[in-house]
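Here is the structure we will look at, set down as structure tokens.
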Protein chains: 2
Amino acid sequence: MKTFSISEVAKQLNLTIYTLRYYDKEGLLPNVERTISGTRLFKKSDIDALKIIECLKATGMPIKEIKNFINWCSEGDTTLQQRYDMFIERKAAVEAQMEELKKTMEVIEHKCFYYKTALDAGTEDVHKDNKMGRNFAPTY
Amino acid sequence: MKTFSISEVAKQLNLTIYTLRYYDKEGLLPNVERTISGTRLFKKSDIDALKIIECLKATGMPIKEIKNFINWCSEGDTTLQQRYDMFIERKAAVEAQMEELKKTMEVIEHKCFYYKTALDAGTEDVHKDNKMGRNFAPTY
DNA sequence: TTATCCCCTAGAGTTAACTCTAGGTCAAGT
DNA sequence: ACTTGACCTAGAGTTAACTCTAGGGGATAA
């Protein structure tokens with residue numbers, strides 16, 4: 001079966017070899033084999049595992065919790081429920097992040113418009129309403 | 001003009017007073033006034049500034065860069081272009097994050113399905129194809 | 001006036017996730 | 001035999017963004 005060196009995997013997944021060794025040290029890669037002299041041999045399934053790890057990281061999951069998941073996988077079918085629950089929870093987390101990002105986007109787009117208008121006018125004063133006298137604090 | 005204490009602002013924005021003092025120390029709140037004895041008095045405009053700061057943080061912007069923006073705001077109309085460019089860049093950053101989150105979601109949803117099926121079957125083996133013999137590594 | 005809060009600063013400590021260094025092994029090429 | 005380059009470990013260092021502690025001040029309530 002074909003194997004890959006740590007630097008090949010690093011290049012392929014856009015990670016550093018430091019990061020890969022760190023993940024291994026943290027117990028995220030319990031199935032990576034070694035040569036007699038200790039060099040890691042990554043299989044395709046290890047690369048797939050790393051892709052899932054990156055995906056879970058992207059949901060905001062800390063490495064210690066990802067490690068729990070990896071352990072559950074090694075424990076077999078008795079942990080299927082935990083793993084299912086975990087992915088349902090991750091789905092909710094991603095949905096929440098998407099919602100927050102949408103709100104953030106609205107504010108950012110409003111600011112793009114605000115500054116476009118100010119830039120066209122040559123001054124931010126176009127946005128100042130002077131009903132209650134001059135406001136000396138910047139508006140951001 | 002009405003002002004707010006640090007703990008009122010903290011409660012209102014769901015931040016700690018430590019965080020607010022930290023932001024102040026880092027130069028993110030140059031317009032917060034003080035009593036003679038040194039107690040901070042937050043105005044509504046300071047709270048608005050904090051909301052923008054939280055928004056920029058949500059785009060992934062580090063505090064040092066947010067500080068640059070705050071400084072530009074104090075410098076007036078000469079920095080309008082920088083500020084506009086910054087928000088355009090932030091918009092692109094948020095779009096990229098949305099894209100990544102969408103891809104992440106697809107993988108997570110696939111896993112939800114994968115584990116739902118396995119759970120119904122009582123074993124993960126339903127997903128194993130045995131064409132090339134038994135695979136002993138867990139699949140994640 | 002004494003107790004209780006809330007406020008302050010300076011600076012130390014924490015946490016996560018790397019990132020790097022020192023010192024060493026090993027296989028291949030010359 | 002020797003050099004080169006990729007690999008290894010243990011453990012120290014880094015960075016961002018807080019988070020907390022110690023020690024102290026001012027205002028209000030009993």
Tell me the interatomic distance from Ile17(A), atom CD1, to dT9(D), atom P, rounded to whole angstroms.
11 Å
Regarding Thr35(A), tell me which of base, sugar-phosphate or nothing describes its non-hydrogen contacts under 4.0 Å with the strands shown.
nothing
Indicate yes or no: at least one non-hydrogen side-chain atom of Ile52(A) is less than 4.5 angstrom from one of Val107(B).
yes
Of Thr16(A) and Ser37(A), the one whose closest DNA chain C nucleotide lies more 5':
Thr16(A)
Between dC18(D), dC7(C), dT19(C), which nucleotide has the shortest distance from any of its atoms to the side chain of Ser5(B)?
dC7(C)
Leu15(B) CG to dA17(D) C1', straight-line distance once rounded to whole Å
12 Å
Between Asp24(A) (CG) and dC18(C) (P), how many Å, whole number?
14 Å
Between Cys55(A) and Thr104(B), what is the shortest heavy-atom contact and its length?
O-CG2, 3.6 Å
The side chain of Arg40(B) lies closest to which of these nucleotides: dT9(C), dA6(D), dT9(D)?
dT9(C)
Out of dT19(D), dT9(C), dC6(C), whichever nucleotide has its closest atom nearest the side chain of Arg34(B)
dT9(C)
Taking any heavy-atom pair under 4.0 Å as a contact, classify Ile6(A): base, sugar-phosphate, or nothing.
sugar-phosphate
Shortest non-hydrogen contact between Ala58(B) and Gln97(B), atoms and distance:
O-OE1, 3.8 Å
Rounded to the nearest Å, what distance is computed from the CZ atom of residue Phe42(A) to the C1' atom of nucleotide dA6(D)?
14 Å
Taking atom C1' of dC18(C) as reference, at what distance in whole Å does atom CG of Leu28(A) sit?
13 Å
Looking at dC18(C), dC7(C), dC7(D), which one has an atom nearest to any side-chain atom of Ser7(B)?
dC7(C)
Could you say whether Tyr18(B) or Gly60(B) is positioned toward the 5' end of DNA chain D, judged by the nucleotide with the nearest heavy atom to each?
Gly60(B)
Can you tell me how the ring of Tyr115(A) sits relative to the ring of Phe87(B), calling it parallel under 30°, perpendicular over 60° and tilted otherwise?
parallel
Over all strands shown, is Arg21(A) touching base, sugar-phosphate only, or nothing at heavy-atom distances under 4.0 angstrom?
base
Given dA16(D), dC20(C), dC7(D), which nucleotide is nearest the side-chain atoms of Thr39(A)?
dC7(D)
Ignoring backbone atoms, establish whether Tyr23(A) has a side-chain N or O less than 4.0 Å from OP1 or OP2 of dC18(C).
yes
Distance check needed: dC7(C) C1' versus Ile36(B) CD1, whole Å only.
14 Å
Please give, in whole Å, the distance from dA12(C) P to Tyr22(B) OH?
17 Å
Specify the separation, in whole Å, of atom NZ of Lys25(A) and atom P of dA16(C).
16 Å
Tell me which nucleotide among dA10(D), dC18(D), dA10(C) gets nearest to the side chain of Lys57(B).
dC18(D)
Against the side chain of Ile63(A), the closest entry in dT9(C), dT19(C), dC18(C) is dC18(C)
What closest approach, in Å, do Thr59(B) and Ala93(B) show between heavy atoms, and which atom pair accounts for it?
O-CB, 4.3 Å
Search all heavy atoms of Ile66(A) against all heavy atoms of Met61(A) and return the closest pair with its distance.
CD1-O, 3.7 Å
